[in-house]
Amino acid sequence: MDKLRRVLSGDEPTPEEESSIITQINDMSTLSWSTRIRGFIICFALGILLSILGSVALFLHRGIVVFAVFYTLGNVISMASTCFLMGPFKQIKKMFAETRLIATIIVLVMMVLTFIAAIVWKKAGLTLIFIIIQSLAMSWYSLSYIPYARDAVKKTMSAILEV
C-alpha cells in the first residue's frame, strides 16, 4: 500500500523497488524459447516477403512509392524480428553499440529519406539512391553480428580493388 501511495503522490521509487518492478515486468512478458523462434521466423519472413513484393511492384511498373514503402517496411520488420530473440530493450542497446552505431544511424536515416523522397518529393532517382545506401548500410549492420565478417569483407574488397 505504501508503494501505491508513493507512486500516486509522485515520489521516486527506491532502487530496490525499481529493480523489483523491472523484474516483475520481465517475468510477465517472458516468452518461451520456441515462441521467440516462431516470432522471429514469422517477422523475418514477412520482412523478406514485403521487400520482394516491393521489388516485384517496381518491375510491374506500380511506381516508386509502392516499391519504397514495401521495401523499407520489409527492412524495418526484418530488423524488428530480432527483438523476439533478445527482447526490444537489449536489441536497441545492441543496435546503438559502438561497433554498429554508424551503420544503425545510416540505416535509420536512409529509411526516413527513402520515404520522404518517394512520398513527398516524388523523386524516383533519389529514392533509388537512398534505397541502395539503405541496403548497403543494412548489410554492413548485419555483418556486425557475425564475428570477423566485416574484416573478411574489408580484406576481400581491398584485394579486389588492388587487382
Side-chain angles (χ1 to χ4, degrees), residues 22 25-163:
I22 292 170
I25 291 171
N26 283 337
D27 289 342
M28 289 186 321
S29 64
T30 304
L31 299 173
S32 70
W33 185 245
S34 63
T35 303
R36 287 175 185 258
I37 294 294
R38 280 189 221 120
F40 167 76
I41 291 170
I42 290 168
C43 263
F44 191 75
L46 181 62
I48 299 281
L49 178 66
L50 286 174
S51 295
I52 291 170
L53 285 175
S55 299
V56 169
L58 182 65
F59 289 110
L60 294 177
H61 305 290
R62 297 289 182 230
I64 195 73
V65 174
V66 173
F67 168 65
V69 169
F70 273 84
Y71 187 82
T72 302
L73 282 177
N75 280 343
V76 169
I77 292 172
S78 292
M79 277 180 86
S81 69
T82 55
C83 289
F84 280 100
L85 297 178
M86 63 183 83
F89 295 117
K90 195 171 184 181
Q91 169 66 19
I92 290 170
K93 193 174 179 181
K94 284 189 174 219
M95 284 175 67
F96 290 97
E98 186 180 334
T99 57
R100 56 186 71 87
L101 178 65
I102 294 171
T104 300
I105 291 170
I106 292 172
V107 168
L108 296 175
V109 167
M110 287 303 122
M111 286 178 177
V112 170
L113 288 175
T114 298
F115 281 127
I116 292 171
I119 297 169
V120 178
W121 299 333
K122 298 186 187 323
K123 301 283 185 186
L126 197 55
T127 303
L128 288 175
I129 289 170
F130 290 148
I131 285 176
I132 290 168
I133 296 170
Q134 179 188 141
S135 299
L136 291 172
M138 185 76 158
S139 298
W140 194 249
Y141 167 83
S142 299
L143 286 173
S144 71
Y145 284 98
I146 303 168
Y148 305 109
R150 284 181 169 183
D151 292 334
V153 170
K154 285 179 189 177
K155 287 179 183 177
T156 303
M157 291 307 293
S158 65
I160 291 171
L161 294 175
E162 286 178 6
V163 172

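Just so you know, these numbers use all the heavy atoms, side chains as well, and skip hydrogens, waters and symmetry mates.
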Over all heavy atoms of both residues, which pair between Leu113 and Phe130 is shortest? Give the atoms and the distance, please. O-CD1, 3.4 Å

Please round to the nearest 0.5 Å and tell me the distance separating atom OG1 of Thr104 and atom CE of Met138. 9.5 Å

Does Val69 reach the side chain of Ile119, with side-chain heavy atoms less than 4.5 Å apart? yes

How far does CD1 of Ile42 sit from CG of Leu49, to the nearest 0.5 angstrom? 13.0 Å

Tell me whether the rings of Phe44 and Phe40 are parallel (<30°), tilted (30 to 60°) or perpendicular (>60°). parallel

Working note: Val153 + Trp140, criterion side chain to side chain contact (heavy atoms under 4.5 Å, CB included); need CA distance, chi angles, decisive distance, verdict. CA-CA 9 Å; Val153 170; Trp140 194 249; 4.1 Å; yes

For the student: nearest non-hydrogen atoms of Thr99 and Arg150, plus distance: O-NH1, 2.6 Å

Over all heavy atoms of both residues, which pair between Ala68 and Phe115 is shortest? Give the atoms and the distance, please. O-CE2, 4.4 Å

Between Phe67 and Leu128, is any pair of side-chain heavy atoms under 4.5 Å apart? yes

Over 12 non-hydrogen atoms of neighbours within 6.0 angstrom of CZ in Phe70: no

Where do Gln91 and Cys83 come nearest, in terms of heavy atoms and distance? CG-SG, 3.7 Å

Point-to-point distance, once rounded to the nearest 0.5 Å, from CD1 of Ile48 to CD1 of Ile77: 11.0 Å

Leu136 atom CG: more than 12 heavy-atom contacts under 6.0 Å: yes

Measuring from atom OG1 of Thr35 to atom CZ of Phe84, what distance do you get when rounded to the nearest 0.5 angstrom? 9.5 Å

Calculate, to the nearest 0.5 Å, the distance between atoms CG and CG belonging to Asp151 and Leu143 respectively. 10.5 Å

Do you know which two heavy atoms are closest between Ala118 and Val65, and how far apart they sit? O-CG2, 3.1 Å

Check the pair Ile37 / Leu85 against side chain to side chain contact (heavy atoms under 4.5 Å, CB included), numbers first and verdict last. CA-CA 7 Å; Ile37 294 294; Leu85 297 178; 3.8 Å; yes

Got Thr82 and Lys94 here, is their nearest side-chain heavy-atom distance under 4.5 Å? no

Give a yes or no answer on whether the side chain of Arg100 reaches the backbone of Met95 with a donor-acceptor pair at less than 3.5 Å. no

Any donor-acceptor N/O pair, Ser81 side chain to Ser78 backbone, under 3.5 Å: yes

Measure the NZ-OG1 distance between Lys122 and Thr127 for me, rounded to the nearest 0.5 Å. 10.0 Å

Would you name the heavy atoms of Tyr141 and Ser144 that are closest together and state the gap between them? O-OG, 2.5 Å

